[in-house]
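What you are looking at is a predicted structure, and each value in this text was computed from that prediction instead of being measured. Throughout, protein chains are lettered first and strands after them, A, B, ... in sequence-line order, and every chain is numbered starting at 1.
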Number of protein chains: 2
Amino acid sequence: MFSQSEENYLKAIYHLEIDADKGISTNAIAKKLDTKASSVTDMVKKLSDKEVVVYKKYKGVKLTNLGKKTAASIVRKHRLWEVFLVEKLNFSWDEVHDVAEQLEHIKSPKLVDQIDAFLGFPIHDPHGDPIPDKEGNINTIDKSLLSTLTKNESGVCVGVNDSSSEFLQFLDKKGITLGKQITVLEKENFDDSLSILIEDRKLSISNKIANNLYIQKK
Amino acid sequence: MFSQSEENYLKAIYHLEIDADKGISTNAIAKKLDTKASSVTDMVKKLSDKEVVVYKKYKGVKLTNLGKKTAASIVRKHRLWEVFLVEKLNFSWDEVHDVAEQLEHIKSPKLVDQIDAFLGFPIHDPHGDPIPDKEGNINTIDKSLLSTLTKNESGVCVGVNDSSSEFLQFLDKKGITLGKQITVLEKENFDDSLSILIEDRKLSISNKIANNLYIQKK
DNA sequence: ATTAATTTTTAGACAAGTCTAAAAATTAAT
DNA sequence: ATTAATTTTTAGACTTGTCTAAAAATTAAT
Ligand SMILES: [Mn+2]
Ligand SMILES: [Mn+2]
Ligand SMILES: [Mn+2]
Ligand SMILES: [Mn+2]
(Lines give C-alpha, C1' and ligand atoms only; values in the text may rest on other atoms or scores of the structure.)
(Ligands and ions follow the chains in the order given, each with its own letter.)
Protein backbone atom coordinates (compact mmCIF):
# COMPACT_ATOMS: atom_id res chain seq x y z
CA MET A 1 0.00 0.00 0.00
CA PHE A 2 2.25 2.82 1.23
CA SER A 3 6.00 2.70 1.64
CA GLN A 4 7.65 3.60 4.90
CA SER A 5 8.78 6.85 3.37
CA GLU A 6 5.33 7.72 2.08
CA GLU A 7 3.91 7.01 5.52
CA ASN A 8 6.42 9.36 7.12
CA TYR A 9 5.46 12.15 4.76
CA LEU A 10 1.76 11.60 5.45
CA LYS A 11 2.37 11.70 9.17
CA ALA A 12 4.44 14.87 8.92
CA ILE A 13 1.73 16.62 6.91
CA TYR A 14 -0.90 15.37 9.34
CA HIS A 15 0.93 16.88 12.30
CA LEU A 16 1.61 20.14 10.48
CA GLU A 17 -2.04 20.48 9.53
CA ILE A 18 -3.19 20.50 13.16
CA ASP A 19 -2.45 24.18 13.60
CA ALA A 20 -2.58 25.46 10.03
CA ASP A 21 -5.33 26.79 7.79
CA LYS A 22 -3.53 27.11 4.44
CA GLY A 23 -1.79 24.31 2.60
CA ILE A 24 1.37 22.93 4.15
CA SER A 25 4.48 24.35 2.54
CA THR A 26 7.23 22.33 0.97
CA ASN A 27 9.76 23.88 3.31
CA ALA A 28 7.75 23.08 6.41
CA ILE A 29 7.62 19.41 5.44
CA ALA A 30 11.31 19.40 4.57
CA LYS A 31 12.17 20.87 7.94
CA LYS A 32 9.99 18.41 9.84
CA LEU A 33 11.46 15.41 8.06
CA ASP A 34 14.99 16.77 7.97
CA THR A 35 15.19 16.44 4.21
CA LYS A 36 15.49 18.76 1.21
CA ALA A 37 12.71 20.77 -0.38
CA SER A 38 13.38 19.14 -3.74
CA SER A 39 12.81 15.71 -2.25
CA VAL A 40 9.54 16.90 -0.79
CA THR A 41 8.34 18.18 -4.15
CA ASP A 42 9.05 14.81 -5.71
CA MET A 43 7.27 12.87 -2.99
CA VAL A 44 4.31 15.20 -2.86
CA LYS A 45 3.66 14.52 -6.53
CA LYS A 46 3.65 10.81 -5.85
CA LEU A 47 1.26 11.24 -2.94
CA SER A 48 -0.95 13.36 -5.14
CA ASP A 49 -1.06 10.59 -7.76
CA LYS A 50 -2.12 8.22 -5.01
CA GLU A 51 -4.85 10.67 -4.00
CA VAL A 52 -3.84 11.10 -0.38
CA VAL A 53 -2.99 14.77 -0.82
CA VAL A 54 -4.11 17.55 -3.13
CA TYR A 55 -1.18 19.47 -4.48
CA LYS A 56 -1.00 22.59 -6.57
CA LYS A 57 2.40 23.91 -7.54
CA TYR A 58 3.71 26.60 -5.21
CA LYS A 59 0.52 26.34 -3.15
CA GLY A 60 1.44 23.65 -0.66
CA VAL A 61 -0.46 20.43 0.08
CA LYS A 62 -3.51 19.35 2.00
CA LEU A 63 -4.44 15.82 3.04
CA THR A 64 -7.51 14.30 1.42
CA ASN A 65 -9.93 12.35 3.59
CA LEU A 66 -8.13 9.19 2.60
CA GLY A 67 -4.83 10.84 3.47
CA LYS A 68 -6.10 11.92 6.86
CA LYS A 69 -7.37 8.47 7.66
CA THR A 70 -4.13 6.85 6.58
CA ALA A 71 -2.02 9.28 8.58
CA ALA A 72 -4.22 8.88 11.65
CA SER A 73 -3.83 5.12 11.52
CA ILE A 74 -0.06 5.52 11.60
CA VAL A 75 -0.27 7.94 14.53
CA ARG A 76 -2.62 5.48 16.20
CA LYS A 77 -0.07 2.72 15.88
CA HIS A 78 2.75 4.96 17.02
CA ARG A 79 0.95 5.94 20.20
CA LEU A 80 -0.38 2.46 20.99
CA TRP A 81 3.14 1.09 20.72
CA GLU A 82 4.38 3.84 23.03
CA VAL A 83 1.81 2.83 25.62
CA PHE A 84 2.78 -0.80 25.21
CA LEU A 85 6.46 -0.06 25.73
CA VAL A 86 5.82 1.97 28.88
CA GLU A 87 3.05 -0.11 30.41
CA LYS A 88 4.26 -3.60 29.60
CA LEU A 89 7.97 -3.42 28.91
CA ASN A 90 9.21 -0.94 31.50
CA PHE A 91 10.40 1.69 29.07
CA SER A 92 10.42 5.22 30.38
CA TRP A 93 8.52 7.92 28.50
CA ASP A 94 11.70 9.41 27.09
CA GLU A 95 12.83 6.12 25.51
CA VAL A 96 9.80 5.12 23.50
CA HIS A 97 9.65 7.52 20.59
CA ASP A 98 12.44 6.15 18.41
CA VAL A 99 11.26 2.56 18.74
CA ALA A 100 7.67 3.61 18.03
CA GLU A 101 8.92 5.35 14.88
CA GLN A 102 9.88 1.91 13.64
CA LEU A 103 6.95 -0.08 15.01
CA GLU A 104 4.36 2.29 13.53
CA HIS A 105 5.14 0.93 10.06
CA ILE A 106 4.30 -2.70 10.84
CA LYS A 107 1.37 -3.73 8.67
CA SER A 108 -1.13 -5.98 10.43
CA PRO A 109 -4.64 -4.85 11.30
CA LYS A 110 -5.04 -7.73 13.71
CA LEU A 111 -1.86 -6.78 15.53
CA VAL A 112 -3.14 -3.24 16.11
CA ASP A 113 -6.52 -4.44 17.34
CA GLN A 114 -4.99 -6.96 19.69
CA ILE A 115 -2.43 -4.55 21.11
CA ASP A 116 -5.25 -2.06 21.65
CA ALA A 117 -7.30 -4.64 23.56
CA PHE A 118 -4.26 -5.95 25.42
CA LEU A 119 -3.63 -2.42 26.72
CA GLY A 120 -7.27 -1.92 27.70
CA PHE A 121 -8.12 0.51 24.88
CA PRO A 122 -6.04 3.45 26.09
CA ILE A 123 -7.09 7.00 25.13
CA HIS A 124 -3.76 8.75 25.61
CA ASP A 125 -0.14 7.88 25.02
CA PRO A 126 2.59 8.29 27.66
CA HIS A 127 3.04 11.95 26.68
CA GLY A 128 -0.65 12.77 27.04
CA ASP A 129 -1.32 12.79 23.30
CA PRO A 130 -4.65 11.36 22.19
CA ILE A 131 -4.77 8.00 20.39
CA PRO A 132 -6.92 8.14 17.23
CA ASP A 133 -9.58 5.44 17.01
CA LYS A 134 -9.89 3.03 14.07
CA GLU A 135 -11.69 5.64 12.00
CA GLY A 136 -9.09 8.28 12.76
CA ASN A 137 -11.18 10.31 15.19
CA ILE A 138 -9.38 11.83 18.13
CA ASN A 139 -10.84 12.71 21.49
CA THR A 140 -9.53 16.23 22.12
CA ILE A 141 -9.62 17.52 25.65
CA ASP A 142 -9.26 21.24 26.24
CA LYS A 143 -5.84 21.73 27.68
CA SER A 144 -3.86 24.93 28.14
CA LEU A 145 -0.17 25.64 28.23
CA LEU A 146 0.94 26.17 31.80
CA SER A 147 2.39 29.49 30.65
CA THR A 148 -1.13 30.78 29.94
CA LEU A 149 -2.41 30.21 33.47
CA THR A 150 -2.70 33.20 35.78
CA LYS A 151 -1.96 33.48 39.47
CA ASN A 152 -3.96 31.06 41.63
CA GLU A 153 -5.27 29.08 38.65
CA SER A 154 -4.80 25.36 38.96
CA GLY A 155 -5.33 22.09 37.14
CA VAL A 156 -3.88 18.73 36.30
CA CYS A 157 -0.78 18.16 34.19
CA VAL A 158 -2.03 16.26 31.14
CA GLY A 159 0.58 16.54 28.44
CA VAL A 160 3.82 17.88 27.00
CA ASN A 161 4.38 20.07 23.99
CA ASP A 162 8.01 19.10 23.53
CA SER A 163 8.59 15.38 23.85
CA SER A 164 12.34 15.33 23.34
CA SER A 165 14.07 13.01 25.73
CA GLU A 166 16.03 15.96 27.17
CA PHE A 167 12.85 17.72 28.21
CA LEU A 168 11.20 14.55 29.49
CA GLN A 169 14.24 13.66 31.56
CA PHE A 170 14.28 17.15 32.96
CA LEU A 171 10.66 16.73 34.04
CA ASP A 172 11.52 13.40 35.68
CA LYS A 173 14.31 15.09 37.59
CA LYS A 174 11.94 17.77 38.83
CA GLY A 175 9.28 15.20 39.69
CA ILE A 176 6.79 16.59 37.19
CA THR A 177 4.66 13.78 35.78
CA LEU A 178 1.30 13.54 34.06
CA GLY A 179 -1.67 13.42 36.40
CA LYS A 180 -0.19 15.65 39.06
CA GLN A 181 -2.08 18.64 40.49
CA ILE A 182 -0.47 22.01 39.71
CA THR A 183 -1.28 25.48 41.06
CA VAL A 184 0.29 28.74 39.96
CA LEU A 185 1.44 30.60 43.09
CA GLU A 186 3.24 33.49 41.45
CA LYS A 187 4.08 34.75 38.00
CA GLU A 188 7.14 37.00 37.61
CA ASN A 189 6.70 39.77 35.12
CA PHE A 190 10.25 40.38 34.01
CA ASP A 191 11.02 36.82 32.85
CA ASP A 192 7.60 35.14 32.93
CA SER A 193 8.93 32.49 35.27
CA LEU A 194 6.46 30.74 37.56
CA SER A 195 6.33 29.66 41.12
CA ILE A 196 4.07 26.63 41.25
CA LEU A 197 2.72 24.17 43.73
CA ILE A 198 2.90 20.59 42.42
CA GLU A 199 1.15 18.15 44.72
CA ASP A 200 2.63 19.42 47.99
CA ARG A 201 5.94 20.76 46.75
CA LYS A 202 6.81 24.31 45.76
CA LEU A 203 8.78 24.64 42.52
CA SER A 204 10.29 27.41 40.42
CA ILE A 205 9.84 27.04 36.68
CA SER A 206 11.15 29.02 33.71
CA ASN A 207 8.89 30.28 30.97
CA LYS A 208 10.43 27.82 28.53
CA ILE A 209 9.30 24.94 30.72
CA ALA A 210 5.86 26.41 31.26
CA ASN A 211 5.53 26.77 27.52
CA ASN A 212 5.87 23.05 27.04
CA LEU A 213 3.54 21.70 29.70
CA TYR A 214 -0.17 21.23 29.15
CA ILE A 215 -2.62 21.70 32.00
CA GLN A 216 -6.27 20.76 32.13
CA LYS A 217 -7.77 23.60 34.14
CA LYS A 218 -10.40 23.01 36.73
CA MET B 1 23.97 -1.31 10.40
CA PHE B 2 22.25 -3.75 8.06
CA SER B 3 19.35 -3.00 5.74
CA GLN B 4 16.18 -5.03 5.83
CA SER B 5 17.23 -6.68 2.61
CA GLU B 6 20.69 -7.54 3.86
CA GLU B 7 19.14 -9.03 6.99
CA ASN B 8 16.86 -11.21 4.90
CA TYR B 9 19.79 -12.53 2.92
CA LEU B 10 21.74 -13.29 6.09
CA LYS B 11 18.78 -15.13 7.55
CA ALA B 12 18.28 -17.16 4.38
CA ILE B 13 21.92 -18.20 4.30
CA TYR B 14 21.78 -19.01 8.02
CA HIS B 15 18.84 -21.35 7.52
CA LEU B 16 20.38 -22.96 4.45
CA GLU B 17 23.63 -23.61 6.30
CA ILE B 18 21.91 -25.73 8.94
CA ASP B 19 21.98 -28.84 6.80
CA ALA B 20 24.82 -28.13 4.41
CA ASP B 21 28.54 -28.71 4.45
CA LYS B 22 29.70 -26.85 1.32
CA GLY B 23 29.12 -23.19 0.60
CA ILE B 24 25.54 -22.09 -0.07
CA SER B 25 24.84 -21.77 -3.78
CA THR B 26 23.56 -18.64 -5.44
CA ASN B 27 20.58 -20.54 -6.76
CA ALA B 28 19.63 -21.92 -3.36
CA ILE B 29 19.53 -18.42 -1.92
CA ALA B 30 17.59 -17.11 -4.90
CA LYS B 31 15.03 -19.86 -4.50
CA LYS B 32 14.65 -19.29 -0.76
CA LEU B 33 14.16 -15.55 -1.18
CA ASP B 34 12.11 -15.82 -4.34
CA THR B 35 14.48 -13.61 -6.26
CA LYS B 36 16.87 -13.94 -9.21
CA ALA B 37 20.36 -15.42 -9.13
CA SER B 38 21.83 -12.21 -10.50
CA SER B 39 20.38 -10.24 -7.60
CA VAL B 40 21.92 -12.74 -5.20
CA THR B 41 25.35 -12.36 -6.75
CA ASP B 42 25.14 -8.59 -6.33
CA MET B 43 24.04 -8.78 -2.71
CA VAL B 44 26.54 -11.46 -1.79
CA LYS B 45 29.34 -9.16 -2.90
CA LYS B 46 28.03 -6.43 -0.66
CA LEU B 47 27.76 -8.83 2.28
CA SER B 48 31.29 -9.97 1.58
CA ASP B 49 32.51 -6.35 1.70
CA LYS B 50 30.80 -6.03 5.06
CA GLU B 51 32.56 -9.20 6.21
CA VAL B 52 29.47 -11.17 7.18
CA VAL B 53 30.04 -13.81 4.49
CA VAL B 54 33.05 -15.17 2.67
CA TYR B 55 32.43 -15.41 -1.02
CA LYS B 56 34.47 -16.90 -3.81
CA LYS B 57 33.11 -16.73 -7.31
CA TYR B 58 31.26 -19.86 -8.38
CA LYS B 59 31.97 -21.42 -4.99
CA GLY B 60 28.99 -20.24 -2.96
CA VAL B 61 29.03 -18.37 0.34
CA LYS B 62 29.56 -19.14 4.01
CA LEU B 63 28.65 -16.97 6.97
CA THR B 64 31.53 -15.58 9.00
CA ASN B 65 31.24 -15.62 12.78
CA LEU B 66 29.95 -12.08 12.64
CA GLY B 67 27.46 -13.14 9.98
CA LYS B 68 26.27 -16.07 12.06
CA LYS B 69 25.78 -13.89 15.10
CA THR B 70 23.92 -11.26 13.13
CA ALA B 71 21.65 -13.83 11.49
CA ALA B 72 20.98 -15.56 14.79
CA SER B 73 19.92 -12.28 16.37
CA ILE B 74 17.35 -11.80 13.62
CA VAL B 75 16.06 -15.34 14.04
CA ARG B 76 15.96 -14.71 17.78
CA LYS B 77 13.78 -11.67 17.27
CA HIS B 78 11.55 -13.47 14.78
CA ARG B 79 10.85 -16.31 17.18
CA LEU B 80 10.43 -14.15 20.27
CA TRP B 81 7.86 -12.06 18.42
CA GLU B 82 6.07 -15.23 17.36
CA VAL B 83 5.82 -16.32 20.98
CA PHE B 84 4.58 -12.88 21.96
CA LEU B 85 1.87 -12.91 19.32
CA VAL B 86 0.62 -16.35 20.34
CA GLU B 87 1.01 -16.06 24.11
CA LYS B 88 -0.09 -12.48 24.64
CA LEU B 89 -2.12 -11.41 21.65
CA ASN B 90 -4.18 -14.51 20.86
CA PHE B 91 -2.73 -15.15 17.45
CA SER B 92 -2.82 -18.74 16.30
CA TRP B 93 0.40 -20.43 15.26
CA ASP B 94 -0.47 -20.21 11.58
CA GLU B 95 -0.94 -16.43 11.68
CA VAL B 96 2.30 -15.28 13.23
CA HIS B 97 4.96 -15.80 10.61
CA ASP B 98 4.20 -12.91 8.26
CA VAL B 99 3.96 -10.40 11.08
CA ALA B 100 7.16 -11.72 12.62
CA GLU B 101 8.87 -11.26 9.26
CA GLN B 102 8.26 -7.55 9.71
CA LEU B 103 8.89 -7.30 13.44
CA GLU B 104 12.23 -9.09 13.26
CA HIS B 105 13.75 -6.01 11.60
CA ILE B 106 12.96 -3.60 14.45
CA LYS B 107 16.23 -2.32 15.85
CA SER B 108 16.22 -1.92 19.63
CA PRO B 109 18.32 -4.12 21.91
CA LYS B 110 16.27 -3.07 24.91
CA LEU B 111 13.05 -4.05 23.18
CA VAL B 112 14.35 -7.57 22.56
CA ASP B 113 15.57 -7.99 26.12
CA GLN B 114 12.32 -6.75 27.59
CA ILE B 115 10.13 -8.89 25.34
CA ASP B 116 12.28 -11.87 26.26
CA ALA B 117 11.79 -11.19 29.98
CA PHE B 118 8.10 -10.36 29.52
CA LEU B 119 7.61 -13.79 27.97
CA GLY B 120 9.56 -15.55 30.72
CA PHE B 121 12.65 -16.32 28.59
CA PRO B 122 11.07 -18.90 26.28
CA ILE B 123 13.27 -21.56 24.71
CA HIS B 124 11.06 -22.49 21.77
CA ASP B 125 8.77 -20.63 19.41
CA PRO B 126 5.17 -21.70 18.69
CA HIS B 127 6.38 -24.11 16.00
CA GLY B 128 8.86 -25.83 18.30
CA ASP B 129 11.89 -24.08 16.83
CA PRO B 130 14.64 -23.09 19.28
CA ILE B 131 15.17 -19.43 20.15
CA PRO B 132 18.84 -18.42 19.93
CA ASP B 133 20.19 -16.66 23.02
CA LYS B 134 21.85 -13.24 22.92
CA GLU B 135 25.13 -14.74 21.75
CA GLY B 136 23.43 -16.73 19.03
CA ASN B 137 23.68 -20.15 20.67
CA ILE B 138 20.79 -22.50 20.19
CA ASN B 139 19.68 -25.28 22.48
CA THR B 140 19.20 -28.20 20.09
CA ILE B 141 17.13 -31.10 21.31
CA ASP B 142 17.36 -34.37 19.45
CA LYS B 143 14.13 -34.72 17.58
CA SER B 144 13.23 -37.13 14.79
CA LEU B 145 10.78 -36.91 11.96
CA LEU B 146 7.69 -38.93 12.75
CA SER B 147 8.25 -40.74 9.46
CA THR B 148 11.47 -42.27 10.84
CA LEU B 149 9.80 -43.92 13.83
CA THR B 150 9.12 -47.64 13.67
CA LYS B 151 6.16 -49.59 14.92
CA ASN B 152 5.50 -49.19 18.66
CA GLU B 153 7.96 -46.33 19.05
CA SER B 154 6.55 -43.30 20.79
CA GLY B 155 7.40 -39.79 21.91
CA VAL B 156 6.18 -36.24 22.20
CA CYS B 157 5.34 -33.99 19.29
CA VAL B 158 7.85 -31.13 19.55
CA GLY B 159 7.97 -29.36 16.21
CA VAL B 160 7.03 -28.97 12.57
CA ASN B 161 9.23 -29.06 9.52
CA ASP B 162 6.79 -27.21 7.29
CA SER B 163 5.30 -24.18 8.97
CA SER B 164 3.05 -23.03 6.17
CA SER B 165 -0.34 -21.94 7.41
CA GLU B 166 -1.97 -24.66 5.29
CA PHE B 167 -0.08 -27.38 7.10
CA LEU B 168 -0.56 -25.81 10.52
CA GLN B 169 -4.28 -25.43 9.96
CA PHE B 170 -4.44 -29.03 8.85
CA LEU B 171 -2.78 -30.08 12.11
CA ASP B 172 -5.28 -27.97 14.06
CA LYS B 173 -8.11 -29.71 12.27
CA LYS B 174 -6.70 -33.11 13.16
CA GLY B 175 -6.06 -32.06 16.74
CA ILE B 176 -2.30 -32.48 16.45
CA THR B 177 -0.52 -29.93 18.63
CA LEU B 178 2.90 -29.61 20.20
CA GLY B 179 3.33 -31.42 23.50
CA LYS B 180 1.02 -34.28 22.70
CA GLN B 181 2.05 -37.91 23.17
CA ILE B 182 2.26 -39.92 19.94
CA THR B 183 2.74 -43.66 19.41
CA VAL B 184 3.15 -45.44 16.08
CA LEU B 185 0.67 -48.28 15.93
CA GLU B 186 1.23 -49.42 12.38
CA LYS B 187 3.32 -48.48 9.38
CA GLU B 188 2.00 -49.42 5.92
CA ASN B 189 4.69 -50.52 3.52
CA PHE B 190 3.14 -49.65 0.19
CA ASP B 191 2.55 -45.93 0.90
CA ASP B 192 4.47 -45.37 4.16
CA SER B 193 1.31 -44.09 5.80
CA LEU B 194 1.02 -44.40 9.56
CA SER B 195 -1.58 -45.37 12.04
CA ILE B 196 -0.83 -43.46 15.24
CA LEU B 197 -2.17 -43.01 18.70
CA ILE B 198 -2.25 -39.37 19.75
CA GLU B 199 -3.19 -38.97 23.41
CA ASP B 200 -6.16 -41.37 23.38
CA ARG B 201 -7.29 -41.06 19.78
CA LYS B 202 -6.34 -43.25 16.87
CA LEU B 203 -5.40 -41.41 13.68
CA SER B 204 -4.36 -42.24 10.12
CA ILE B 205 -1.57 -40.11 8.72
CA SER B 206 0.02 -39.91 5.26
CA ASN B 207 3.74 -40.05 4.76
CA LYS B 208 3.77 -36.42 3.72
CA ILE B 209 2.37 -35.42 7.09
CA ALA B 210 4.73 -37.71 8.99
CA ASN B 211 7.61 -36.15 7.09
CA ASN B 212 6.81 -32.75 8.53
CA LEU B 213 6.28 -33.56 12.20
CA TYR B 214 9.10 -33.76 14.71
CA ILE B 215 8.96 -36.18 17.62
CA GLN B 216 11.17 -36.33 20.67
CA LYS B 217 11.49 -40.04 21.26
CA LYS B 218 11.40 -41.53 24.71
C1' DA C 1 37.69 -35.69 -24.09
C1' DT C 2 34.29 -33.24 -26.30
C1' DT C 3 29.84 -31.76 -26.19
C1' DA C 4 25.66 -30.46 -23.78
C1' DA C 5 23.18 -28.75 -19.84
C1' DT C 6 23.23 -26.09 -15.84
C1' DT C 7 24.83 -22.60 -12.83
C1' DT C 8 26.84 -18.31 -12.02
C1' DT C 9 28.43 -13.92 -13.22
C1' DT C 10 28.47 -9.65 -15.90
C1' DA C 11 26.47 -5.84 -18.40
C1' DG C 12 23.02 -2.74 -18.81
C1' DA C 13 18.52 -1.07 -17.42
C1' DC C 14 14.93 0.50 -14.19
C1' DA C 15 12.18 2.26 -9.93
C1' DA C 16 12.35 4.48 -5.41
C1' DG C 17 14.14 7.88 -2.81
C1' DT C 18 17.44 11.18 -2.10
C1' DC C 19 20.78 15.08 -3.18
C1' DT C 20 23.06 19.48 -5.49
C1' DA C 21 22.83 23.21 -8.47
C1' DA C 22 20.27 26.07 -11.38
C1' DA C 23 15.90 28.03 -13.08
C1' DA C 24 11.33 29.78 -12.17
C1' DA C 25 7.77 31.59 -9.28
C1' DT C 26 6.30 33.90 -5.27
C1' DT C 27 6.73 37.21 -1.60
C1' DA C 28 8.96 41.11 0.68
C1' DA C 29 11.32 45.46 0.48
C1' DT C 30 12.49 49.65 -1.42
C1' DA D 1 6.60 49.19 -9.82
C1' DT D 2 11.06 47.46 -9.81
C1' DT D 3 14.35 45.17 -7.39
C1' DA D 4 15.80 41.92 -3.92
C1' DA D 5 15.12 37.91 -1.04
C1' DT D 6 12.93 33.68 -0.36
C1' DT D 7 10.55 29.64 -1.69
C1' DT D 8 9.61 26.14 -4.83
C1' DT D 9 10.37 23.48 -8.78
C1' DT D 10 13.18 21.30 -12.37
C1' DA D 11 17.15 18.93 -14.24
C1' DG D 12 20.48 15.78 -13.65
C1' DA D 13 23.02 12.66 -10.77
C1' DC D 14 23.67 9.02 -7.22
C1' DT D 15 22.55 4.76 -4.20
C1' DT D 16 20.07 0.56 -3.18
C1' DG D 17 17.97 -3.27 -4.73
C1' DT D 18 16.00 -5.43 -8.36
C1' DC D 19 15.43 -7.36 -13.23
C1' DT D 20 16.52 -9.35 -18.24
C1' DA D 21 19.61 -10.94 -21.52
C1' DA D 22 24.03 -12.42 -22.71
C1' DA D 23 28.64 -14.21 -21.56
C1' DA D 24 31.56 -17.20 -18.81
C1' DA D 25 32.42 -20.98 -15.78
C1' DT D 26 31.21 -25.30 -13.87
C1' DT D 27 29.12 -29.79 -13.93
C1' DA D 28 26.97 -33.69 -16.30
C1' DA D 29 26.50 -36.70 -20.22
C1' DT D 30 28.02 -38.92 -24.06
MN1 LIG E 1 6.36 9.57 19.78
MN1 LIG F 1 3.92 10.23 22.15
MN1 LIG G 1 8.25 -17.85 11.36
MN1 LIG H 1 8.48 -20.17 13.93
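Pair check for D:dT26 finds C:dA5; Watson-Crick or G-U wobble, both atom distances under 3.5 Å. For D:dT16, the paired nucleotide is C:dA15, the pair qualifying as Watson-Crick or G-U wobble because both relevant distances are below 3.5 Å.
When each of A:Lys46 and B:Tyr55 is assigned the nucleotide of DNA chain C bearing its nearest heavy atom, the one mapping closer to the 5' terminus is B:Tyr55. The residue among B:Val40 and A:Gln4 whose nearest nucleotide of DNA chain C lies closer to the 5′ end is B:Val40.
Closest contact between the side chain of A:Lys45 and the listed nucleotides C:dT10, D:dT10, D:dT18 involves D:dT10. Of the candidates D:dT8, C:dT20, C:dT9, the closest approach to any side-chain atom of A:Ser38 belongs to C:dT20. Side chain of A:Tyr58, nearest nucleotide from C:dT8, C:dT26, C:dG17: C:dT26.
Going from atom NZ of B:Lys31 over to atom C1' of C:dT7 covers 14 Å, rounded to whole Å. The CD-P distance, from A:Glu6 to C:dA15, rounds to 15 Å in whole Å. Between the CD1 atom of B:Ile24 and the C1' atom of C:dT7 there is a distance of 15 Å, rounded to whole Å. Rounded to whole angstrom, the span from the CD atom of A:Glu7 across to the P atom of C:dG17 amounts to 11 Å. Atom NZ in B:Lys36 sits roughly 24 Å away from atom P in D:dT16 (whole-Å rounding). When the P atom of C:dG17 is taken as reference, atom CG of A:Asn8 falls 11 Å away, rounded to whole Å. Distance NZ (A:Lys59) to P (D:dT9): 11 Å, rounded to an integer number of Å. A straight line from CZ of B:Phe2 to C1' of D:dG17 spans 17 Å, rounded to a whole angstrom.
An OP1 or OP2 oxygen of D:dT9 is reached within less than 4.0 angstrom by a side-chain nitrogen or oxygen of A:Thr41. A close approach under 4.0 Å does not occur between any side-chain nitrogen or oxygen of B:Ser3 and OP1 or OP2 of D:dT16. Taking 4.0 angstrom as the limit, A:Thr35 places none of its side-chain polar atoms (N or O) nearer than this to OP1 or OP2 of C:dG17. An OP1 or OP2 oxygen of D:dA25 is reached within less than 4.0 angstrom by no side-chain nitrogen or oxygen of B:Lys57. Contact between the side-chain N/O atoms of A:Ser5 and the OP1/OP2 oxygens of C:dT18 is found at a separation under 4.0 Å. Residue A:Asn27 has no polar side-chain atom (N or O) positioned under 4.0 Å from OP1 or OP2 of D:dT6. Within the structure, every side-chain polar atom (N or O) of B:Thr26 is placed at least 4.0 Å from both OP1 and OP2 of C:dT7.
Shown are A:Lys11, A:Lys50, A:Lys46; of these, the side-chain hydrogen bond (donor to acceptor under 3.5 Å, both in side chains) with A:Glu6 is made only by A:Lys50.
If you take CG on A:Asp98 and NZ on B:Lys107, they are separated by 14.0 Å, rounding to the nearest 0.5 Å.
A donor-acceptor contact closer than 3.5 angstrom is absent between the side chains of B:Ser193 and B:Asn207.
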Could you go through the salt bridge (charged side-chain N to carboxylate O under 4.0 Å, His left out) check for A:Lys69 and A:Glu135 one step at a time? CA-CA 7 Å; A:Lys69 214 181 149 181; A:Glu135 281 72 43; 5.9 Å; no
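The aromatic rings of A:Trp93 and A:His127 sit parallel, their planes meeting at an angle under 30°, below the 60° perpendicular limit.
Geometric assessment of B:Lys45 against the ring of B:Tyr55 yields a negative cation-pi assignment under the 6.0 Å and 45° thresholds.
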